[in-house]
Amino acid sequence: MFEIEQREIAKQIVDICRNEGIEIENISWSWIPFSGNWGMATTFFQAAAEEARAKGLKINVGKRAQEIASLIAERLQLPAGFEKAESVRGYLNLYFSTPDYSQRVIDTVLHEKENFGRNPRSGKRVMVEFSQPNTHKAFHVGHLRNVILGNSVCNILDFNGDTVIRTNYLGDIGLHVIKWLWCYLKYHEGEQPSGDITRWMGDIYAEASRRHETEADAEEEIRALFARWDSRDPKIVALWEKTRQWSLDGFDQIYRALNVRFDHLYFESDVEDSGKEIVDKLIEKNLAVDERPEGPVVVKLDELCGTKDKYRVLVALRSDGTSLYSTKDLSLASRKFNEFNLDQSVYVIDVRQSLYMQQIFKTIELMGYPWAKNLYHLSYEIVNLPGNVTMSSRDGTVVFLQDLIDEATSRAKEIVNEKNPDLAESTKDSIAQMVAMGGLKYSMLSRDNTKIVTFDWQAALDFNGQAAPYIQYAGVRANSILRKADMRVPAALPLAYELSEIEIELIDLISRMPKEVQRAAAEYKPLFIANLAFDLAQTFNNFYRQCPVLQAEANVRDYRLRLAAAARQAMVNCLALRELIRLKLCDFERMCLTGLEKPDPFFYE
RNA sequence: GCCCUCGUGGCUCAAUGGAUAGAGUAGUUGACUUCGAAUCAAAAGGUUGGGGGUUCGAAUCCCUCCGGGGGCGCCA
């Protein structure tokens, strides 16, 4: 928010230093870390150290940095809106003039509304591939992190100015599908899914795995079915198409519940043939070695790159000529760039596939595609069960997504019943749903991508403290104040009283949002936004406690009303980004506002 | 064997290479006649796994060791 001032002051500093014979390259700004003070800060340690090095002197760097800082504090011509410049132990602190800047921040937020925090369009086209479920299989909590992370990253990139193409890549063929079809034909023919489609599909898959291991002739029958599929037996293809659609319908149910959408879908079955063509090309170019029929087609990456044990060997095609995941990924990668004219292609895939991703990217680079450098693997750690048990559909250790949502919702309902017993039943249900979904999403997004999430019911359903409901509640409180002021945010007015420490802190935090969006986008880290949202909520709750709004005298009241409205807007924008279902938060507020028995359809648009 | 990753109060996690390492939670002590107590306040809790190094400055970068997890030629 203060880039113009930062640039102007930085230029002055460089000039002042140059007059003194000190060369400074670039100046990086940070916040002043003292509560109740706000402004921007920079240091001169580096300048002092470099000066000493250049002159070959041995000096006390801290002392010299302080000399430079105080020199600058003295000579700097502060632009309008700054109160004072101060040098402290090598730091230069520039304090904002509170009346000017508080008004500027609040006005900006209230003017930009749901676009506050948004950065200018970058012109960059980015495709983000995430979710990638297999059809004919269950969808469990282990898959949840991918969807939530991927969707949140898309929101953040979009908010930061990129054109984002949200893509799903569905595993609709392969052995697992044939296994499923075999089990269906043999034991469930004619049955149809109802209700929770994905669970029904997953149950049959689990049964298929079990029967595959226990029944003597299963292996042979499955292989025979695979052959029929391979020769495109119309009956099998028709069944495949029908059952695949069931899975897709089931996924739609889940995505709708999570409020996730995709702009484009790719299917493995679509890129199989083109994948085989790419493998042929690899062989032609002597990048791949065809060891068929004794062995598969392999790309010996370490040999090609002159590395040792770094890239290992990528298997690109089975010895029987059937395709692998890699076969299809090689083709899909180029298809994305051809079809969408991308500047960048992001893969949201868990960390266990890091080596594989590097192999794919390296192979594409060796093929000479110029866009190879624009491929990025956004890796994240998996969700485990306590005791470091990885969920597995084979071992029956999965926690089904629907079970989790149901359990979370009923736990939230209990709390609503306890805290707000007087609300209408349908209102309680809606609130329970919002609290539950927000809580689940927060638990996935509020830790670093590189950290393993250990799933246990207690932690996932703990709504106290640093969790989504805390933030939602702060939003509701803000809203509650505004409601009692008839939802009218007063027009801009000058500051006519001295802001308290906590008010300054709140405004300061709000003003950081655009920068945080930038950081979150650059590093693909929703965590930064999650942290900001929590900080905002915490500071707002503090403000709420310390600073009466409605009972205050007129000008204080109006100023604080605007501040509350701005804080509320900033929190809502953070939640929307973090994909804590903004729409539902609006519902929550709406119902607290009016006590509607049923949500107004308007809010579902 | 090689590669990647994580290690921060009892527990779960934060912290652009910068100022006094911050939250939540559990336990302790307080606050509803006050805009919604799903809240707030207070005290307590730390050799940032060990040891070196780089740097004016390291939880953060490099090396090494220890410990957890993951990956490494026909799964996805």
Side-chain angles (χ1 to χ4, degrees), chain A residues 28-34 41-46 48-50 52-53 59-65 88-91 93 132 134 171 174-176 268 291 295-300 308-320 322 324-326 328-329 349-356 358-359 379 381-382 384 388 390 415-416 418-420 435 443 446-448 450-452 454 459 462-467 469-470 472-474 476-485 515 519 523 527 530-531 534-535 538 541-542 544-552 557 560-561 564 592:
Chain A
S28 60
W29 296 101
S30 58
W31 317 109
I32 298 176
F34 309 124
T42 188
T43 68
F44 295 96
F45 296 107
Q46 205 173 343
E50 272 165 20
R53 214 170 300 136
I59 56 158
N60 182 330
V61 171
K63 199 174 152 205
R64 178 63 180 149
V88 186
R89 287 155 49 202
Y91 291 82
N93 294 335
Q132 308 113 326
N134 283 324
L175 197 61
H176 73 276
E268 275 189 40
E291 298 177 342
V297 177
V298 293
V299 184
K300 298 187 175 175
K308 195 167 172 289
D309 290 338
K310 184 172 180 196
Y311 294 108
R312 307 274 168 172
V313 170
L314 176 69
V315 181
L317 198 68
R318 282 205 191 87
S319 50
D320 64 2
T322 56
L324 286 162
Y325 206 60
S326 53
K328 293 164 268 194
D329 255 334
I349 300 179
D350 79 58
V351 66
R352 291 172 299 184
Q353 295 192 42
S354 292
L355 175 60
Y356 168 75
Q358 278 193 56
Q359 292 176 329
S379 120
E381 266 291 358
I382 57 173
N384 272 348
N388 246 318
T390 300
I415 299 173
V416 177
E418 180 195 321
K419 309 268 185 194
N420 304 62
V435 167
S443 69
S446 62
R447 66 193 61 215
D448 213 334
T450 54
K451 290 263 169 66
I452 296 173
T454 300
D462 186 358
F463 297 136
N464 289 318
Q466 190 163 1
Y470 179 90
Q472 290 171 321
Y473 184 63
V476 167
R477 276 177 144 186
N479 216 57
S480 191
I481 294 176
L482 295 168
R483 177 190 51 192
K484 296 207 162 137
K515 236 345 191 254
R519 281 180 66 215
E523 298 184 39
L527 167 69
N531 284 347
F534 179 75
D535 289 344
Q538 198 174 41
N541 274 330
N542 232 304
Y544 181 91
R545 196 70 181 173
Q546 289 180 31
C547 304
V549 176
L550 298 172
Q551 295 99 318
R557 172 192 145 110
R560 285 184 175 162
L561 268 172
C592 292

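Excluded from the calculations below are hydrogen atoms, water molecules and symmetry mates; all remaining heavy atoms, backbone and side chain alike, are included. Not measured: the values here are computed from a predicted model.
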>> What is the distance, to the nearest angstrom, from the CG atom on Asn541(A) to the P atom on A38(B)?
In response: 11 Å
>> Tell me the closest heavy-atom pair linking Phe45(A) and Val61(A), and the distance in Å.
In response: O-CG1, 3.6 Å
>> In whole Å, measure the gap between the C1' atoms of A58(B) and A26(B) for me.
In response: 31 Å
>> Using OP1 and OP2 only, check whether a side-chain N or O of Arg545(A) sits under 4.0 Å from A31(B).
In response: no
> Arg447(A) side chain N/O closer than 4.0 Å to the phosphate oxygens (OP1, OP2) of C13(B)?
Replying inline: yes
> How would you label the contact of Val297(A) with the nucleic acid (heavy atoms, under 4.0 Å): base, sugar-phosphate, or nothing?
Replying inline: nothing
> Can you tell me if the side-chain N/O atoms of Lys328(A) get under 4.0 Å from OP1 or OP2 in A76(B)?
Replying inline: no
>> As a check on the pairing definition, encode RNA chain B in dot-bracket form, counting Watson-Crick and G-U wobble pairs whose two distances are under 3.5 Å, and using | for partners outside this strand.
In response: (((((((..((((....[...))))..((((.......))))......(((((..]....))))))))))))....
>> Is Arg477(A) close enough to A37(B) that one of its side-chain N or O atoms is under 4.0 Å from OP1 or OP2 there?
In response: yes
> When the C1' atoms of G52(B) and G73(B) are considered, how many whole Å apart are they?
Replying inline: 40 Å
>> Taking G46(B) as the reference, what is the distance to C11(B) when you measure between their P atoms (whole Å, please)?
In response: 12 Å
>> By the 4.0 Å heavy-atom rule, please label Gln46(A) as base, sugar-phosphate, or nothing.
In response: base
> With a 4.0 Å cut-off on heavy atoms, is Asp329(A) in touch with a base, just the backbone sugar-phosphate, or nothing at all?
Replying inline: nothing
> G73(B) base to Glu291(A) side chain: any donor-acceptor pair below 3.5 Å?
Replying inline: yes
>> Once you apply a heavy-atom cut-off of 4.0 Å, does Ala48(A) come out as touching a base, just sugar-phosphate, or nothing?
In response: nothing
>> Could you tell me how far A42(B) sits from G53(B) if I compare only their C1' atoms? Round to whole Å.
In response: 43 Å
>> Does a side-chain N or O of Gln538(A) approach OP1 or OP2 of G24(B) to a distance below 4.0 Å, or not?
In response: yes
> Does any N or O in the side chain of Arg560(A) come within less than 3.5 Å of the main-chain N or O of Pro548(A), such that one atom is a donor and the other an acceptor?
Replying inline: yes
>> How long is the straight-line distance from OH of Tyr473(A) back to CG of Asn541(A), given to the nearest 0.5 Å?
In response: 7.5 Å
> Between G71(B), A23(B), A76(B), which one does the side chain of Leu355(A) approach most closely?
Replying inline: G71(B)
> Looking at Lys308(A), does any N or O in its side chain come under 4.0 Å of the phosphate oxygens OP1/OP2 on C3(B)?
Replying inline: no
>> For a quick check of understanding: with a heavy-atom distance under 4.0 Å over all strands, which category does Asn60(A) fall into, base, sugar-phosphate or nothing?
In response: nothing
> What is the distance, rounded to the nearest whole Å, between atom CD of Gln353(A) and atom P of U5(B)?
Replying inline: 17 Å
>> For the P atoms, the ones on U54(B) and on U8(B), what distance do you get once it is rounded to whole angstrom?
In response: 27 Å
>> Measure NZ/Lys63(A) against P/C56(B) and give the value in whole Å, please.
In response: 18 Å
> When the distance from CD1 of Ile452(A) to P of C11(B) is rounded to whole Å, what number comes out?
Replying inline: 17 Å
>> The side chain of Ala49(A) is closest to which nucleotide in this list: A19(B), C56(B), A37(B)?
In response: C56(B)
> Any ion pair linking Arg352(A) and Asp350(A) (charged N to carboxylate O, less than 4.0 Å)?
Replying inline: yes
> Phosphate oxygens OP1/OP2 of A14(B): is one of them under 4.0 Å from a side-chain N or O of Lys451(A)?
Replying inline: yes
>> Side chain of Arg53(A), heavy atoms from C-beta onward: which of A15(B), C74(B), U55(B) has the nearest atom to it?
In response: U55(B)
> Which one, G24(B), A76(B), C56(B), comes nearest to the side chain of Phe45(A)?
Replying inline: C56(B)
> If only side-chain N and O atoms of Thr450(A) are considered, is one of them under 4.0 Å from the OP1 or OP2 phosphate oxygen of U5(B)?
Replying inline: no
> Just how far is it from atom CD of Gln359(A) to atom OG of Ser326(A), taken to the nearest 0.5 Å?
Replying inline: 8.5 Å
>> Using only modelled atom types and a 3.5 angstrom limit, is any donor from either the side chain of Asn420(A) or the base of G36(B) paired with an acceptor on the other?
In response: yes
> Would you say the base of C72(B) and the side-chain of Arg312(A) have a donor-acceptor pair closer than 3.5 Å?
Replying inline: yes
>> Can you check the distance between U25(B) and C65(B), where both ends of the measurement are the P atom (answer in whole Å)?
In response: 41 Å
>> Distance check, P atoms only: C63(B) and C3(B), in whole angstrom units.
In response: 11 Å
> Rounding to a whole Å, what distance do you find between Tyr325(A):OH and G73(B):P?
Replying inline: 18 Å
>> Measure CD/Gln466(A) against P/C13(B) and give the value in whole Å, please.
In response: 12 Å
> Please give, in whole Å, the distance from U39(B) C1' to Tyr470(A) OH?
Replying inline: 8 Å
> Does the base of A41(B) carry an N or O that pairs as donor and acceptor with the side chain of Asn542(A) under 3.5 Å?
Replying inline: no
> Considering only heavy atoms and no angle criterion, is a donor-acceptor pair shorter than 3.5 Å present between the side chain of Ser354(A) and the base of C4(B)?
Replying inline: no
> Taking the side chain of Leu324(A) as heavy atoms from C-beta outward, which of G36(B), A15(B), C74(B) is closest to it?
Replying inline: C74(B)
> Looking at U16(B), does its base get a donor-acceptor pair with the side chain of Ser30(A) below 3.5 Å?
Replying inline: yes
> Between C56(B) atom P and Phe44(A) atom CZ, what is the distance in whole Å?
Replying inline: 18 Å
